[in-house]
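On a predicted model such as this, the values are computed, not experimentally measured, just so you know. Chain A is the first sequence line, chain B the second, and so forth, proteins listed ahead of strands; every chain is numbered from 1.
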Amino acid sequence: MEQLLYWVGLAAVAVSALTGVLEAGRQKMDLVGVVMVGAATALGGGTVRDLLLDRPVFWIADEMYLVVAFVTTLLAFFAARGLKLPPRLFLIPDAIGLALFTIVGTQLALAWQAPWLAATLLGVITGVVGGVLRDILCNQVPLVFVRGELYVSAAWGGALVLVGMNGSGCSPVLSAWTGMAVVLATRLVAMKFRITLPTYSEKA
Amino acid sequence: MEQLLYWVGLAAVAVSALTGVLEAGRQKMDLVGVVMVGAATALGGGTVRDLLLDRPVFWIADEMYLVVAFVTTLLAFFAARGLKLPPRLFLIPDAIGLALFTIVGTQLALAWQAPWLAATLLGVITGVVGGVLRDILCNQVPLVFVRGELYVSAAWGGALVLVGMNGSGCSPVLSAWTGMAVVLATRLVAMKFRITLPTYSEKA
Amino acid sequence: MEQLLYWVGLAAVAVSALTGVLEAGRQKMDLVGVVMVGAATALGGGTVRDLLLDRPVFWIADEMYLVVAFVTTLLAFFAARGLKLPPRLFLIPDAIGLALFTIVGTQLALAWQAPWLAATLLGVITGVVGGVLRDILCNQVPLVFVRGELYVSAAWGGALVLVGMNGSGCSPVLSAWTGMAVVLATRLVAMKFRITLPTYSEKA
């Protein structure tokens, strides 16, 4: 299980760094700017999670994460440069990063003895903070706040499924994969069909 | 005294979650959005305080805070939905939350051996961060930065009164209540009469 | 060496508080607002660094930093009030603060056993966060994101020089001074001649 979390964590870092490069590239940032946006996207969510749980910050404790973030960023920078990519393309790796980070974050929080409700919230925070940083640094309205496509809801749903399956005795590995699938499927389906939740409608 | 701080803390969480719901509601967010804004408003200030003091984060260490924040948010969501509320109404619970959080934050920092000047600053941070998060998430200019109605000054004044009374040997409970009264009264009077501080006037 | 870091840290706090006052003054904030912007500029970068490294936050552990930040802010407020200053003047103390904080941050991170790549990133964070907070609080586009004048690149270059010199056996004091000189010189020359890095140019 720890092995699984480690590899999923690295994959999440790589895929998030990629979304950072794609968006920073559209803003015509220079190389150092792109590297910084890539690093912030890849490392932001897990950093906040580790601070809240009072764990050692993952990319300071284990250099591998930083190396993966930098290498992915540089490769993506030189590979994507000059390619003509549809602007919404980066929503797919963004959804994958959301799914992976949310589940890793929830699992880590549970392993760190956080109560289950707090653990789901920590999972959501791990999942969304990197993307929020990326969008702010690139001067975009954060995806979390774009109405009409479940984002936080998708992450939270997956975290709740994970906690529920864990609690009813499923194997942690199965729960983790199911949770990831729930986040990813919810988000992709909601984007495709523009599914929304009912809103608070004050008659003012 | 610890009992008092605990209950005041829970009350501050509830009243701040309420302001989050009122403002998120005006933005026509969906239920999950409203819950997240309510949670961020209620938990943001104390979270930053706990990180700075290197204490365990309060809502991870004690589940009760999170439960209160969620229950208040859900109740407020369904109660306020459809009601026609004056838009400035939420300034009253906001001022109460500011007063409660500032005093709890200052007291906790003093109990944690922070020097008095740092303790007043930590109190102000505890008091204002939740509201700043709420306003940013709702795309409003944070109340802290609206000119013409003492906000940070009210919080800081109350924190200084608390520290002064503590230092001159008053009972901690009396100092805490007086501090809260000072913050609340200053803020409400300043709002009512639009009291301002003199500004820096560079002749440029 | 520790002595040097301590004094450089105090100087960085003072010079950053000054930039905060100059910018908050231009926004015609009141005294409490100016004090808060000064404090955030002076203390923000080091605070984030200490949280990431899980060190005690420097201005809570040692009161001197807070005193220097407050005294500088008050002196600058009353001295600069009414003076007619060119608006870009504050870029000079800003560059000095960037240089000092970056080097102090990198050194501290190395002393705290962070891997070298993480240490350079922590140095950059220490250098830029205060200014970013200042610019956000004053409703300006953060200097880090203004295109066309090396900012992060200057800081990162200096941090890399410091790490390289340390690694090849130079005295830490010499490495520190050289690192600071590199940051400051790069930033000033880039501002003067508007030097830029090549940008990512997607043909979209």
Side-chain angles (χ1 to χ4, degrees), chain B residues 47-57 105-106 108-110 112-125 127-129 132 135-136 141-160 186-187 190 194-204, chain C residues 20-40 42-44 46-48 50-71 73-74 76-87 89-90 133 136-139:
Chain B
T47 302
V48 173
R49 173 202 63 206
D50 290 343
L51 291 177
L52 293 173
L53 286 172
D54 204 11
R55 298 174 73 230
V57 173
T106 310
L108 262 174
L110 288 173
W112 217 250
Q113 315 295 355
W116 70 265
L117 188 57
T120 60
L121 210 60
L122 285 160
V124 172
I125 290 171
V128 306
V129 166
V132 171
D135 297 341
I136 292 177
V141 178
L143 281 180
V144 200
F145 305 132
V146 175
R147 228 166 295 158
E149 295 168 358
L150 311 181
Y151 198 94
V152 170
S153 321
W156 206 12
L160 288 171
T186 310
R187 172 77 179 133
R194 302 223 151 235
I195 294 172
T196 65
L197 284 185
T199 69
Y200 176 111
S201 49
E202 214 179 23
K203 281 171 208 144
Chain C
V21 173
L22 290 177
E23 190 158 331
R26 265 195 292 155
Q27 304 300 315
K28 312 210 180 305
M29 289 198 179
D30 64 25
L31 179 54
V32 170
V34 170
V35 166
M36 289 294 153
V37 171
L43 309 174
T47 302
V48 173
D50 289 344
L51 291 178
L52 292 174
L53 287 173
D54 205 12
R55 298 175 73 231
V57 174
F58 70 111
W59 55 270
I60 302 179
D62 180 349
E63 221 170 355
M64 184 53 73
Y65 291 103
L66 206 48
V67 171
V68 167
F70 273 61
V71 170
T73 303
L74 291 174
F77 181 84
F78 290 109
R81 232 185 156 187
L83 280 187
K84 201 170 187 146
L85 298 166
L89 178 75
F90 92 110
L133 280 179
I136 292 177
L137 292 175
C138 293
N139 232 331

Check your understanding: With chain B, which of C/Leu137, C/Asp62, C/Ile60 has the greatest number of heavy-atom pairs at distances under 4.5 Å?
Key -> C/Ile60

Exercise for review: Test side chain to side chain contact (heavy atoms under 4.5 Å, CB included) on C/Leu66 and C/Leu43 and set out the steps.
Suggested key: CA-CA 8 Å; C/Leu66 206 48; C/Leu43 309 174; 3.5 Å; yes

**Study point:** chain B contact via C/Tyr65 - side chain, backbone, both or neither, heavy atoms under 4.5 Å
**Key:** neither

Study note, to complete from the structure: Of all heavy-atom pairs linking B/Ala109 and B/Leu122, the shortest is CB-CD1, 3.7 Å

Study note, to complete from the structure: Scanning both residues in full, the closest heavy-atom pair of C/Leu74 with C/Val35 reads CD2-CG2, 4.2 Å

Review point. Measuring heavy-atom distances to chain C, does B/Trp156 have an atom under 4.5 Å in its side chain, in its backbone, in both, or in neither?
Key: side chain

Check your understanding: Rounded to the nearest 0.5 Å, what separation is found between the CD1 atom of B/Ile125 and the CZ atom of B/Arg49?
Key -> 11.0 Å

